[in-house]
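In this chain, residues are counted from 1 in sequence order.
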Amino acid sequence: MSTAMTGHDKPLLLLIGTGGRAYREYLLRSIGAAYRVHLLADAEPGWERPHVAGATVLDMADTVGADAMCAAARKLGEPVAGVLAWDEARVLQAAKVAADLGLPSGDPDAVLRCRDKHLTRSALAAAGVPQPRSVLATAAHEALHAADEIGYPVVVKPRAMAASLGVVRVDAPAELSERFAFARDTTLPGAWRYDSALVEEFLTGPEISVDSAVHNGRLYPMFLARKETGYPPYFEEVGHTVDAADPLLLDPELLRILERTHAALGFTNGMTHTEVKLTPAGPKIIEVNARLGGDLIPYLGLRATGIDPALAAAAVACGRPPDLTPSHRRVGAVRFFYVERENTTLGAVRFDRDGLPAAIDQVAVLSRPGDVISPPPKGTLFGRIAFATAVAGTAEECRSALDAAAAALSVETAHAGVP
């Protein structure tokens with residue numbers, strides 16, 4: 001079912017899926033002001049309605065096939081300037097629709113090499129790009145053999161998840177069978193399922209991510225985020241910091257590796273979120289996602305630099321170079337909050353806004369009374385009950401403000417579960 005579009009003075013941009021409002025509305029708000037956005041979704045627009053010119057409701061249970069989406073795009077009756085998706089589960093479909101319409105970002109093979117981490121590893125290995133050793137395993141005995149060859153500790157990870165979901169460190173053979181099954185079987189509604197997982201070399205050093213625009217093969221790094229993880233042996237992403245003046249954005253070695261990575265993957269048009277480990281031996285690629293980063297990293301980049309990631313993404317989707325002119329140099333940071341015990345039934349969750357410093361940019365409660373929530377690994381990404389963002393002149397000011405936000409967060413529980 002489609003709803004009509006209005007306002008033909010702006011280019012028509014096709015958006016496939018939106019993601020959660022708390023994490024993605026700022027992107028839709030930006031492109032909705034500059035483009036006529038037609039949304040392909042599995043339900044009638046709700047919070048999206050003010051930002052879109054029209055919508056088509058489809059059965060989107062299949063996250064690989066795009067025939068129905070291609071047909072819906074052709075039925076719009078006018079040329080589509082670009083196709084865009086920032087939901088990991090929809091990036092391959094967006095590329096297929098763009099290819100069907102003959103648009104620049106239509107390269108499903110390049111997107112697939114990003115979505116499937118085994119294909120990523122194979123492409124990077126063939127090009128000699130620095131990365132951890134990686135072996136594909138379908139069963140625990142294969143994983144044990146791979147870990148013996150690589151050497152403990154190792155990291156076991158799913159082939160097609162994101163946000164560090166299902167990623168776990170293994171320090172000894174006795175742990176491997178259980179943790180291999182955890183990584184292989186971790187899934188979300190609509191996610192791809194494989195009967196295998198990756199066993200990889202554990203790399204030491206801090207981890208960063210770089211969000212980039214790519215236009216006609218040219219790489220435009222935009223934002224560099226320094227990642228904070230928690231809940232070992234898992235790698236839950238509990239916070240990120242984006243500094244507009246981060247010197248790594250100009251580091252020649254890092255930039256060369258990013259360019260080599262995108263060339264190896266054949267990724268020439270679109271947006272990428274590349275995760276990199278800064279090891280004692282130099283930067284090594286952890287993974288590449290064919291979309292803008294999640295966890296509000298692009299939002300932090302927007303607040304820190306003034307560069308609008310949504311408009312950059314829309315521009316390259318339409319075959320135009322992005323405008324990446326910064327307007328300021330600040331630091332932005334986000335922190336996510338969790339419950340302490342498994343199977344906690346929540347009551348009220350709230351921030352005391354009177355106790356928040358000026359550097360706090362926003363606070364958001366992600367849970368509702370009555371929700372049963374657990375911390376990682378059971379809760380993982382969906383164990384988050386709230387987040388806060390801060391914008392200031394330094395990373396230390398952001399950390400101090402986020403500490404204050406943590407102190408201002410009150411969590412009432414209706415029932416405390418398993419200790």
Can you find a heavy atom in the side chain of [X] that is under 4.5 Å from one in the side chain of [Y]?
X	Y	answer
Arg260	Pro130	yes
Leu27	Leu292	yes
Leu366	Phe337	no
Arg218	His262	no
Ile208	Leu254	yes
Cys318	Tyr35	yes
Val363	Leu356	yes
Thr413	Thr345	no

Side chains of [X] and [Y]: is there a donor and an acceptor less than 3.5 Å apart?
X	Y	value
Glu275	Ser209	no
His273	Glu287	no
Ser400	Glu397	no
Asn269	Ser105	no
His328	Thr305	no

Exam field: side chain Arg384 to backbone Ser367, donor-acceptor pair closer than 3.5 Å: no
Test item: Thr272 side-chain N/O and Thr274 main-chain N/O as donor-acceptor pair under 3.5 Å: no
[X] with [Y]: basic N within carboxylate O range, under 4.0 Å:
X	Y	result
Arg291	Asp87	no
Arg36	Asp9	no
Lys227	Glu237	yes
Asp243	Arg226	no
Asp116	Arg121	no
Arg399	Glu396	yes
Arg169	Glu175	no
Asp352	Arg350	no
Glu88	Arg115	yes

[X] side, atom [atom1]; [Y] side, atom [atom2] - distance, nearest 0.5 Å:
X	Y	atom1	atom2	result
Thr120	Arg159	OG1	CZ	10.0 Å
Phe387	Leu409	CZ	CG	12.5 Å
Leu402	Ile360	CG	CD1	5.0 Å
Gln362	Arg303	CD	CZ	8.5 Å
Arg49	Leu39	CZ	CG	9.0 Å
Cys398	Arg335	SG	CZ	10.5 Å

Centroid separation Tyr23 to Tyr299 less than 6.0 Å: no
Worked check of side-chain contact (heavy atoms from CB on, under 4.5 Å) between His38 and Leu15: CA-CA 6 Å; His38 190 92; Leu15 177 65; over 6 Å; no
Minimum heavy-atom distance between Ile385 and Leu346, given as atom pair plus value: CG2-CD1, 3.8 Å
